[in-house]
Amino acid sequence: MDRTQPTIAATLTVRVPINATGSLADGATRVVERIDAVDRLEDATVRGIDPALNDTTVDLRVRVVFSDPARRDETEAKTKLAAGVGIKAVENVEPEPAETAEPERSPTTLSAVD
C-alpha cells in the first residue's frame, strides 16, 4: 500500500449533541470526519463518556489521515484537530510512520562486450 499522506494518532475529547443520530461513537466520529484537514478516519476507539445537559462529551483514541502530506508535525496536527467544530481537547498527538510501497526497480541494462 502506498501511503504518503500523514497518519496521526491522537486522544480527543469531542462534544456530541444530544439529538445526534446514531450511537455516541457514530456522532463522535462524524465530528472528527468533518474537520477540514482530515482526509479520513482510519480508526476510533471510545475511551470514556461524560453526559451533560445539552451534549455528551466522548473521549476517543483516533487514527486520522490528513489530506496534506506536509502535516507530519505534531504541533500542526494538534492545531488542525483542535480547530474542528465540536473538538473540546486534543491530547497525545503522535505521528505514525509513513508506509510506502517498495520502489520500482529499473530494468537492468545489459551491455555486450566484444
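Along the sequence shown, residues carry numbers from 1.
The CZ atom of R40 sits 9.5 Å away from atom CZ of R63, with the distance rounded to the nearest 0.5 Å. Rounded to the nearest 0.5 angstrom, T29 OG1 and R34 CZ are separated by 10.0 Å. Note that CG of N92 is 10.0 Å distant from CD of E74, once rounded to the nearest 0.5 Å. A distance of 8.0 Å separates CG in L81 from CD1 in I8, rounded to the nearest 0.5 Å.
For T57, the side chain to side chain donor-acceptor pair (under 3.5 Å) criterion is met by no residue, not counting sequence neighbours. Under the side chain to side chain donor-acceptor pair (under 3.5 Å) criterion, D55 pairs with no residue at all, not counting sequence neighbours. D43 meets the side chain to side chain donor-acceptor pair (under 3.5 Å) test with no other residue; sequence neighbours excluded. For E91, the salt bridge (Lys or Arg N to Asp or Glu O under 4.0 Å) test picks out no residue, with sequence neighbours left out. Here R47 pairs with nothing under the salt bridge (Lys or Arg N to Asp or Glu O under 4.0 Å) rule; sequence neighbours left out.
Residue A10 comes nearest to V93 through the heavy atom pair CB-CG2, 4.0 Å, listed as atom of the first residue, atom of the second, then distance. The nearest pair of heavy atoms linking V65 to E42 is CG2-OE2, 3.4 Å. In terms of heavy atoms, G84 sits closest to I35 at CA-CG1, 3.8 Å. Across every non-hydrogen atom of A44 and V62, the tightest pair is CB-CG1, 4.0 Å. The two residues I49 and V46 come nearest to each other via the heavy atoms CG1-CG1, 4.0 Å. Taking all atoms of both residues into account, the shortest heavy-atom contact from T56 to I18 is OG1-CD1, 3.9 Å.
Tested against L60, the residues V32, T13, T45 include a single side-chain contact (heavy atoms from CB on, under 4.5 Å) partner, V32.
Screening residues 17-33 for salt bridge (charged side-chain N to carboxylate O under 4.0 Å, His left out) gives no qualifying pairs among residues at least two apart or on separate chains.
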